[in-house]
Protein chains: 2
Amino acid sequence: MYTIGEVSEMFNLPIPTLRYYDKEGLLNDLKRDKSRIRKFNEKTLEALRVIECLKKSGMQIKDIKQFMHWCAIGDKTLIKRKEMFENQKISIENQIKDLQKILDMVKYKCWYYEKAVKDGTEKNIKNITLEEMPKDIRKLYNNAHNI
Amino acid sequence: MYTIGEVSEMFNLPIPTLRYYDKEGLLNDLKRDKSRIRKFNEKTLEALRVIECLKKSGMQIKDIKQFMHWCAIGDKTLIKRKEMFENQKISIENQIKDLQKILDMVKYKCWYYEKAVKDGTEKNIKNITLEEMPKDIRKLYNNAHNI
DNA sequence: GCTTGACCTAAAGTTAGGTTTAGATATTAC
DNA sequence: GTAATATCTAAACCTAACTTTAGGTCAAGC
């Protein structure tokens, strides 16, 4: 059993954030002692790990709440929970793909500015054609420009 | 030369968003005609492409504004702009790495719920040990659990 | 000359996800 | 017993990035 202060340290989350999650209904398993003080147990910590994961995957608090609620209901909601994770998987895969395109654009810009800094001016590189680029850079450029 | 309505369609951005970007100083090259109507040219469109890219990479409007301002100043700011893109490159690479860890966690959960749905209950799988997991799933689990 | 449609502005409103404040209670240390 | 420390609550506040509203201008078509 842990106090809110201990959990705050463990997860590196501010105390008000933990209270906020509780208020929003994300911590179903959270119990209180006789003087209304929150007592976090292993189940609550596991819930927090899942919350952190789902948050980082871009899910909104209200949808995480929905999921936590399904968990509380029990086996009747297994299919919904499975589907949720399958959708989240697709969503993350798409986010990674998108970021890889953005990364190509940014890598192209890194090359561009390296050249510009070397030249001391942007003039020469500004109107470069595809043919004048090194092959690997051309690839970055093409990837990036059909975003 | 394009009107704000045309650009809105081309970029699939609401008109008020384009006005907002202009107001925030992201569109230095934007000119007006005699009756104060915005006229977008190729340079503005290229700026919008860069803005979209930087936004998707997680950069804030105020930092994009800073970058656009550097662009307007000219060759004196080349090193700053190069450094900005180099930092953004690292940031995106880290975002991708983080998402890949999250993805492993979510893939593990997909496997977990597939099994649970097959069983019709979460009971059996709930307390599964590392040894009882298939090797590839154990790998996902381990990757995910040192987030 | 009047209506329609696309543009304009400033200012207020919105949303998510917290964070801060103010005041109350309870346990521990001296 | 009293001071310090950690907890509690409700409610106000905050920030980013828009979005909506209300009212005004302007050129084209009838």
Side-chain angles (χ1 to χ4, degrees), chain A residues 1-27 29-41 44-45 47-69 88 91 95 98 102, chain B residues 1-27 29-41 44-45 47-69 88 91 95 98 102:
Chain A
M1 298 288 237
Y2 309 91
T3 66
I4 199 167
E6 288 162 349
V7 177
S8 164
E9 290 251 309
M10 287 161 63
F11 282 79
N12 213 16
L13 287 172
I15 291 175
T17 303
L18 293 170
R19 293 206 184 105
Y20 168 72
Y21 288 169
D22 182 23
K23 207 178 78 185
E24 291 300 305
L26 268 53
L27 302 174
D29 300 317
L30 188 52
K31 300 293 184 303
R32 307 285 189 114
D33 71 6
K34 67 281 177 202
S35 34
R36 304 269 312 137
I37 294 205
R38 292 175 181 84
K39 290 294 163 187
F40 292 71
N41 59 24
T44 342
L45 298 192
L48 272 175
R49 271 175 223 119
V50 174
I51 290 166
E52 286 286 89
C53 167
L54 292 177
K55 263 207 322 167
K56 286 179 189 163
S57 79
M59 192 178 277
Q60 278 171 239
I61 297 288
K62 71 169 170 4
D63 295 323
I64 300 179
K65 173 187 178 157
Q66 169 71 280
F67 170 73
M68 290 301 173
H69 189 56
Q88 212 53 22
S91 157
Q95 288 178 53
D98 289 352
I102 306 289
Chain B
M1 297 289 237
Y2 309 92
T3 66
I4 200 166
E6 288 163 348
V7 177
S8 163
E9 290 250 309
M10 287 161 64
F11 282 80
N12 212 15
L13 286 171
I15 291 176
T17 303
L18 293 170
R19 293 205 183 105
Y20 167 72
Y21 288 169
D22 182 24
K23 208 178 78 184
E24 291 300 304
L26 267 53
L27 302 175
D29 300 317
L30 189 51
K31 301 290 184 303
R32 308 285 188 114
D33 71 7
K34 68 281 177 202
S35 36
R36 303 268 312 136
I37 293 202
R38 292 176 182 83
K39 290 293 163 190
F40 292 71
N41 59 23
T44 342
L45 298 191
L48 271 175
R49 271 173 224 121
V50 174
I51 290 167
E52 287 285 270
C53 167
L54 292 177
K55 263 207 321 164
K56 285 180 189 163
S57 80
M59 193 180 276
Q60 281 173 237
I61 297 287
K62 70 167 173 0
D63 296 323
I64 300 178
K65 173 189 177 155
Q66 170 71 279
F67 169 73
M68 291 302 174
H69 190 57
Q88 212 53 23
S91 158
Q95 288 178 54
D98 290 352
I102 306 289

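Convention: sequence-line order gives letters A, B, ...; per-chain numbering from 1. This one's a predicted model, so the numbers in the text were calculated from it and none came from an experiment.
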Given B:R36, B:K31, B:R38, the one that forms salt bridge (charged side-chain N to carboxylate O under 4.0 Å, His left out) with B:D22: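 The salt bridge (charged side-chain N to carboxylate O under 4.0 Å, His left out) with B:D22 is passed solely by B:R38 among B:R36, B:K31, B:R38.
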
Touch class at under 4.0 angstrom, heavy-atom based, for B:E24 against every strand present: nothing

Output yes when at least one side-chain N/O atom of [X] is less than 4.0 Å from OP1 or OP2 of [N], else no.
X: A:S35; N: C:dT27; result: yes
X: B:R38; N: C:dT9; result: yes
X: A:K55; N: C:dG18; result: yes
X: B:R32; N: D:dC26; result: no
X: B:R19; N: D:dA17; result: no
X: B:K65; N: D:dA16; result: no
X: B:Y21; N: D:dC18; result: yes

Roughly, in whole Å, what's the span from [atom1] in [X] to [atom2] in [N]?
X: A:L18; N: D:dA6; atom1: CG; atom2: C1'; value: 14 Å
X: B:I37; N: C:dA6; atom1: CD1; atom2: C1'; value: 7 Å
X: B:D22; N: D:dC18; atom1: CG; atom2: P; value: 14 Å
X: B:I64; N: D:dC18; atom1: CD1; atom2: P; value: 9 Å
X: B:I15; N: C:dG5; atom1: CD1; atom2: C1'; value: 11 Å

Per B:R36 side chain, nearest of listed nucleotides C:dT9, D:dT9, C:dT27: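 Ranking C:dT9, D:dT9, C:dT27 by closest atom to the B:R36 side chain puts C:dT9 first.
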
Side-chain donor/acceptor of A:Q88 to backbone N/O of A:L54, under 3.5 Å: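 Not a single qualifying donor-acceptor pair exists.
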
A:K56 and B:D98 ion-paired at < 4.0 Å: no

